[in-house]
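Beneath this line is the structure, given in structure tokens, with notes to follow.
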Amino acid sequence: MPRYNPAEIEPRWQAYWEQERTFSTAELPQGEKRYLLDMFPYPSGSGLHVGHPEGYTATDIVARFSRMRGKSVLHPMGFDAFGLPAEEHAIATGEHPRIQTERNIAEFTRQLKMLGFSYDWERVLSTTDPEYVRWTQWIFLVLHDTWFDPQQKRGRPIHELPIPDRVQAQGADAVERYRAEFRLAYETEAPVNWCDKLGTVLANEEVIDGKSERGGHPVRRIPLRQWMLRITAYAERLLSGLDSLAWPGGIKILQQDWIGRSEGAEVDFFVGGAEDFEAWKRQRQAVGLPEIPEEETLRVYTTRPDTLFGATYMVIAPEHPAVPRLTTAETADVVNRYCQAAAFKSERERTQGDRTKTGVFSGSYAMNPVNGQKIPIWVADYVLASYGTGAIMAVPAHDERDFEFARQFDIPIVAVVEPLPQAENREQILAGEACFAGVGRAISSGRYDGQPTAQVKQLIVQDLSAGGLGRKAINYKLRDWLFSRQRFWGEPFPILHELDPQGQPTGVTRAVPETDLPVELPELKDFRPHGRPEPMLEKAADEWLFVELEGRRYKRETNTMPQWAGSCWYYLRYIDPRNSQALVDPAKEQAWMPIDLYVGGAEHAVLHLLYARFWHKVLFDRGYVSHDEPFQRLVNQGMILGEAELTAYQTESGTFISPSDVRRGEQGLTTAAGQAVLPVAVDESQVIKQGDGLVLADRTEIRVESRSFKMSKSRGNVVNPDDVVRDYGADSLRLYEMFMGPLEATKPWSMAGVGGVRNFLDRSWRMIVQQDAADVVLAQEIVDQQCDSDQARVLHRTIRRVTEDIENLSFNTAIARMMEFVNFFTRQRSRPRAAMQAYVLLLSPFAPHVAEELWRTLGGKTTLAYEPWPTWDEAALIESTLEIPLQINGKLRAKIVVAANSSREELQQAALQQPRIQAELSGKQIVKTIVVPGRLVNFVAK
RNA sequence: GCCGAAGUGGCGGAAUUGGCAGACGCGCUGGAUUCAAAAUCCAGUGCCCGCAAGGGCGUGUGGGUUCGAGUCCCACCUUCGGUACCA
């Protein structure tokens with residue numbers, strides 16, 4: 001009987017591991033440690049899909065491999081369990097989100113356990129656990145209690161913030177307000193993306209094309225009191241910290257671009273009238289550049305101070321505080337209307353679409369500090385209030401956006417940078433008819449003329465600084481992080497707002513005392529939004545909402561934290577998941593951190609990783625963790641696409657045409673002649689291969705397209721791991737996920753491929769287990785004797801390659817090596833037991849269940865999880881003879897078998913003896929001979 | 001537009017980093033076994049010409065470097081992913 005039967009083997013070994021606590025991890029590592037982390041999943045109602053086990057299997061292989069190499073391994077799993085779907089479910093059904101969340105977690109847990117991952121399940125956590133929420137809130141209070149010291153470039157306790165005397169003199173409330181301006185967690189009135197339909201505010205990343213990511217409902221911008229995190233203070237550290245990390249280059253670049261550092265200058269333009277300009281300049285010369293510009297100046301940020309002489313107008317953002325000041329009686333109406341319209345549009349609407357620039361003249365003029373030229377000030381929404389100073393000097397000759405705007409509104413264009421002589425459309429650029437954003441030499445720029453751009457930049461900034469008119473400046477695209485949501489299903493903020501005797505807020509806030517954490521969510525009977533922009537928790541009963549503390553009355557903060565909060569620090573909690581005294585014990589933290597390998601999807605390349613790094617740096621500055629960066633090595637697993645789909649194209653009249661004859665235009669798919677074309681799904685049986693492609697079997701001149709698509713419910717190509725495990729077993733699923741291709745690559749699913757690796761496991765089984773016995777007994781070929789030299793070579797080569805491939809995360813090739821091993825040994829009449837045991841150990845990280853079973857059959861008494869990893873013997877790898885290719889003029893002409901250690905001369909002689917080579921060379925002259933010992937011989941002949 | 005990744009048989013993918021292109025798997029073809037099928041085993045399988053021996057061509061396209069290029073350099077094309085006026 002005993003065929004390989006995963007349905008019986010797998011649950012049995014899973015139960016064994018659980019009962020024996022095989023993978024429970026010691027509190028502290030002994031010897032070398034490995035912290036191997038998966039990005040934890042959101043437990044959605046649809047369960048695991050086959051994308052999840054891809055990364056999970058990769059880290060599990062490394063975890064099992066590392067244990068066998070004697071490392072202490074921390075390999076945990078948990079759940080990112082706050083999130084909108086559970087709340088939407090609650091709104092629809094009235095069921096508390098916690099109930100559905102727990103059900104989903106139970107289902108995920110079942111599925112994860114079914115796949116045999118060697119997680120330490122005793123450390124499992126969920127971001128929704130009250131004990132976890134407690135420490136999320138605690139970290140928020142750390143952020144609230146921290147300011148960033150720009151001198152020391154680090155976060156420090158708020159009580160260390162120097163308070164200016166003038167503030168101190170105004171009393172405690174003034175001091176508190178002053179501090180609030182510096183805290184890393186602060187409140188502000190911010191324009192937010194409000195969605196009427198969802199009844200909630202959305203983060204920018206949750207808004208796609210002016211619509212909500214979830215549901216596609218319209219979104220508009222309204223101002224609302226928000227919690228923000230001052231991540232911008234850490235921009236420089238977040239940028240420079242990337243250098244030391246072993247991350248994919250592309251991800252680092254994404255983060256760099258997101259942070260968006262630029263160097264330039266801030267320049268003040270005088271807007272107080274031409275007659276006072278000289279006086280203003282003299283005054284600036286005397287007192288220097290003020291920290292905050294006076295009312296009669298407009299401060300701009302530019303990365304091209306060298307083009308200052310080409311500034312022909314200025315633009316301020318519609319939200320700029322100077323807008324009313326710069327508006328005149330005549331322009332007031334137009335400007336007001338323009339600003340209001342801009343405010344109503346979402347950031348997305350303002351920055352996308354037709355791209356035709358809009359704007360209105362403010363009515364005022366500014367004086368260019370370098371040449372005293374009077375230039376108009378416009379209000380336009382192509383300038384963002386949230387970047388730089390919210391105002392720009394516009395140099396249409398050397399900035400595409402300004403150029404477009406100037407063309408539209410007939411504003412002069414003056415070239416002040418001369419391109420290199422060979423530049424194309426140089427004449428047009430100099431005539432102000434084309435835009436040139438590159439570098440060159442200064443022209444029409446007074447005493448700077450003739451100097452290269454880089455030098456002019458430097459000189460102008462120097463001169464501006466000396467005159468008190470400007471200074472060097474650095475800016476970042478990164479914005480502060482909008483950290484509050486108006487939903488129910490999130491962590492409450494541990495913040496209290498003080499009330500006066502009339503029940504009105506006094507504006508003073510305080511933190512909930514640490515001993516009162518966690519602040520749990522209030523009980524609600526009804527989860528439907530109240531439809532106002534205010535947070536959901538406003539619906540809470542008064543007993544929750546109002547708090548008395550030390551004789552004062554407070555109202556609780558009713559915003560909740562975004563889903564990011566829990567995922568920003570979960571990797572720390574795994575280290576010490578039950579600690580009730582601290583988020584993590586410092587000794588354990590120091591022992592296990594940093595994370596040696598972090599595997600997850602590229603969709604978290606920017607936000608999750610940036611936010612988590614930010615929190616980590618704050619915790620580091622405040623002394624709660626021992627490293628500056630949490631994720632030493634990062635790998636992004638590739639996306640798994642659906643099974644390849646065959647498509648043929650058919651015109652309306654039913655004629656099939658080849659894909660190359662299909663045009664993709666505004667009308668959709670058409671023929672070259674304009675006739676509509678429809679894609680038709682084709683079955684594999686209707687298709688044959690021909691030449692370099694596939695064609696219809698009965699119409700071989702018609703080509704068929706083969707493509708894979710993202711898995712989606714709507715396309716119906718989602719693969720469910722439960723089905724795969726039922727039909728093939730978990731070991732086959734794991735193996736297939738790794739065999740498909742490189743971990744980082746996007747690759748299509750193929751059920752036939754799963755069958756292929758299942759076949760390999762069957763063969764592995766039959767190599768060791770007797771086929772027609774009643775019980776699981778060893779195959780007759782298994783012998784207790786030494787490998788012969790061929791067997792030893794195959795064995796040791798396999799050990800070496802599998803070991804090196806795992807170290808390089810090259811799992812697909814590791815599996816190919818094991819397949820070669822099985823192909824070789826199934827053909828051997830005698831198979832040494834030791835070789836079989838070594839093989840089973842190599843297989844075990846990939847297919848742990850069948851490996852355990854085979855290990856036991858081969859005489860193992862307990863789990864193989866801590867058996868020493870096999871080592872290879874270099875001596876066994878050496879081959880006595882080699883086949884060497886012989887080339888003439890780089891073309892392969894013959895092969896010879898020679899002793900492996902043949903010298904250069906011996907090789908050349910043997911090659912010249914070879915009959916075919918002799919024949920080819922006769923009548924020719926050998927110009928050159930290349931001999932690479934162990935590799936090849938190449939004759940260059942004429 | 002910009003940034004990133006990638007283009008190798010019918011398909012998924014290998015190739016010690018400049019040295020026999022196509023490992024391994026799927027699929028397909030033929031054979032053994034079987035009453036038959038499944039399963040299993042054996043052999044073959046880049047394309048073209050040829051009965052064969054053999055020959056020619058071949059890693060997205062075009063050029064280059066080299067005795068030798070999938071791999072290095074230059075230009076371009078295509079696909080996928082990300083991003084959007086950041087001064």
Side-chain angles (χ1 to χ4, degrees), chain A residues 3 248-251 253-254 256-258 260 262 264 300-304 307 315 348 350-352 355 357 380-384 386-389 391-395 398-402 404-405 437 475-479 602-603 605-606 636 638-639 641 644 684 687-695 706-708 710 736 739-742 744-757 759-760 762-763 766 771 801 804 810 812-820 823 826-827 883-892 895 927-930 932 934-941:
Chain A
R3 295 256 286 267
I251 302 298
I253 289 169
L254 274 175
Q256 276 166 22
D257 290 351
W258 190 265
S262 70
V300 303
Y301 171 72
T302 176
T303 53
R304 292 296 299 270
T307 61
V315 183
R348 192 62 183 228
R350 275 173 58 169
T351 57
Q352 67 140 195
R355 286 183 163 228
K357 298 213 167 13
D381 66 5
Y382 82 91
V383 169
L384 307 174
S386 47
Y387 182 77
T389 61
I392 63 158
M393 65 169 197
V395 185
H398 304 294
D399 182 285
E400 294 284 354
R401 299 149 301 183
D402 298 344
E404 199 191 313
F405 189 85
N475 253 299
Y476 302 92
K477 284 202 247 179
L478 185 70
R479 307 297 157 78
E603 65 273 21
V606 177
N636 284 127
M639 202 194 323
L641 304 174
E684 216 178 322
V687 162
I688 56 166
K689 73 166 172 171
Q690 188 187 73
D692 58 351
L694 295 166
V695 295
S706 172
R707 250 196 82 183
S708 299
K710 223 173 177 163
Y736 178 65
F739 189 60
M740 293 169 86
E744 296 93 331
T746 302
K747 41 209 178 272
W749 187 266
S750 155
M751 233 20 131
V754 186
V757 294
N759 193 31
F760 158 66
D762 278 317
R763 282 163 62 80
R766 287 197 302 268
Q771 273 321 276
R801 285 174 162 178
E804 290 175 352
S810 179
N812 54 331
T813 52
I815 294 165
R817 300 311 160 212
M818 291 189 283
M819 288 173 168
E820 286 176 320
N823 288 345
T826 40
R827 256 169 274 189
E883 194 185 47
I884 297 288
L886 307 180
Q887 299 180 335
I888 291 174
N889 294 334
K891 294 201 182 209
L892 180 72
K895 293 178 180 182
V927 182
K928 194 173 176 184
T929 305
I930 295 106
V932 184
R935 269 278 125 79
L936 53 43
V937 181
N938 183 18
F939 296 104
V940 185

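Note that these values count all heavy atoms, side chains included, but never hydrogens, waters or copies made by symmetry.
Rounding to whole angstrom units, CG of residue Asp257(A) and P of rA84(B) are separated by 11 Å. Put simply, CD on Glu603(A) is 11 Å from C1' on rG81(B), counting in whole angstrom units. Following rounding to the nearest Å, Tyr387(A) (OH) and rA84(B) (P) show an atom-to-atom distance of 15 Å. Rounded to an integer number of Å, the gap from Leu641(A) CG to rA5(B) C1' is 14 Å. Atom CD1 of Ile888(A) is separated from atom P of rC67(B) by 17 Å (rounded to the nearest Å). Rounded to an integer number of Å, the gap from CD1 of Ile253(A) to P of rC3(B) is 10 Å. As rounded to whole Å, 13 Å separates atom C1' of rA5(B) from atom NZ of Lys747(A). Nucleotide rU83(B) holds its C1' atom 9 Å from the CG atom of Leu254(A), rounded to whole Å.
Exactly one of Ile930(A), Thr929(A), Val927(A) qualifies for a side-chain contact (heavy atoms from CB on, under 4.5 Å) with Phe939(A). That residue is Thr929(A).
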Measure all distances between protein nitrogen or oxygen atoms and nitrogen or oxygen atoms of nucleotides 17-26 of chain B, and list the pairs falling under 3.5 Å.
unit_1	atom_1	unit_2	atom_2	d
rG19(B)	O2'	Arg935(A)	NE	3.3
rC20(B)	O2	Lys895(A)	NZ	2.6
rC20(B)	N4	Glu883(A)	O	3.4
rA23(B)	O2'	Glu820(A)	OE2	2.7
rG25(B)	OP1	Asn823(A)	ND2	3.1

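For the pair Pro742(A) and Asn812(A), the tightest heavy-atom approach, listed with the atom from each and the gap, is N-ND2, 3.7 Å.
Nearest-nucleotide positions on RNA chain B place Gly250(A) closer to the 5' end than the other of Arg827(A) and Gly250(A). Residues Ala602(A) and Arg304(A) both approach RNA chain B. Their nearest nucleotides, taken by heavy-atom distance, put Ala602(A) toward the 5′ side.
Using Watson-Crick or G-U wobble geometry with both donor-acceptor distances under 3.5 Å, rU61(B) finds its partner in rA75(B). As the counterpart of rG68(B), no nucleotide is assigned, since no Watson-Crick or G-U wobble pattern has both distances under 3.5 Å. If you check rA15(B) for Watson-Crick or wobble pairing at under 3.5 angstrom, you find it has no partner at all. Pair assignment for rG4(B) gives rC80(B), based on Watson-Crick or G-U wobble hydrogen-bonding distances that are each under 3.5 Å. The pairing partner recorded for rG30(B) is rC42(B), the criterion being a Watson-Crick or G-U wobble arrangement whose two distances lie under 3.5 angstrom. Pairing partner, rC85(B): none, since no Watson-Crick or wobble contact has both distances short of 3.5 Å.
Residues Asn938(A) and Ile888(A) fail the side-chain proximity criterion, which asks for heavy atoms closer than 4.5 Å. Contact annotation: the side chain of Asp402(A) approaches that of Ile392(A) to within less than 4.5 Å [non-hydrogen atoms, C-beta and beyond]. Between Tyr387(A) and Lys477(A) there is a side-chain heavy-atom pair separated by less than 4.5 Å.
Residues satisfying the salt bridge (charged side-chain N to carboxylate O under 4.0 Å, His left out) criterion with Glu820(A), sequence neighbours excluded, are Arg801(A), Arg817(A). For Lys747(A), the salt bridge (charged side-chain N to carboxylate O under 4.0 Å, His left out) partners two or more places apart in sequence, or in a different chain, are Glu54(A).
Annotated as anti: rG56(B), whose O4'-C1'-N torsion sits more than 90° from 0. Within 90° of 0 lies the glycosidic angle of rU17(B), which makes this nucleotide syn.
Looking at the side chain of Lys891(A), the nearest of the listed nucleotides rA87(B), rU40(B), rC57(B) is rC57(B).
For rA21(B) and rU8(B), the C1' atoms lie 8 Å apart once the distance is rounded to whole Å. Here the separation of rG22(B) from rA5(B), taken at their C1' atoms, is 23 Å to the nearest Å. Of the C1' atoms belonging to rG62(B) and rG81(B), the separation is 27 Å, rounded to the nearest Å. For the P atoms, the distance from rG54(B) to rU45(B) is 14 Å, rounded to whole Å. Comparing the C1' positions of rA14(B) and rG82(B) gives an interatomic distance of 29 Å, to the nearest angstrom. Straight-line distance between the P atoms of rU61(B) and rG70(B): roughly 11 Å, to the nearest whole Å. Here, rA87(B) and rG7(B) have their P atoms 33 Å apart, quoted to the whole Å. rU83(B) and rU71(B) are spaced 32 Å apart, taking the P atom of each and rounding to whole Å.
Separating the CE atom in Met639(A) from the CD atom in Glu744(A) is a distance of 14.5 Å, to the nearest 0.5 Å.
Between the side chains of Tyr301(A) and Ser262(A), at least one donor-acceptor pair of N or O atoms lies under 3.5 Å.
Ser262(A) has a side-chain polar atom (N or O) that falls below the 4.0 Å cut-off from OP1 or OP2 of rA87(B).
When heavy atoms are screened at a 4.0 angstrom cut-off, Thr826(A) is found touching no nucleic acid atom at all. Backbone-only contact: Pro742(A) has heavy atoms under 4.0 Å from sugar-phosphate atoms and none from a base.
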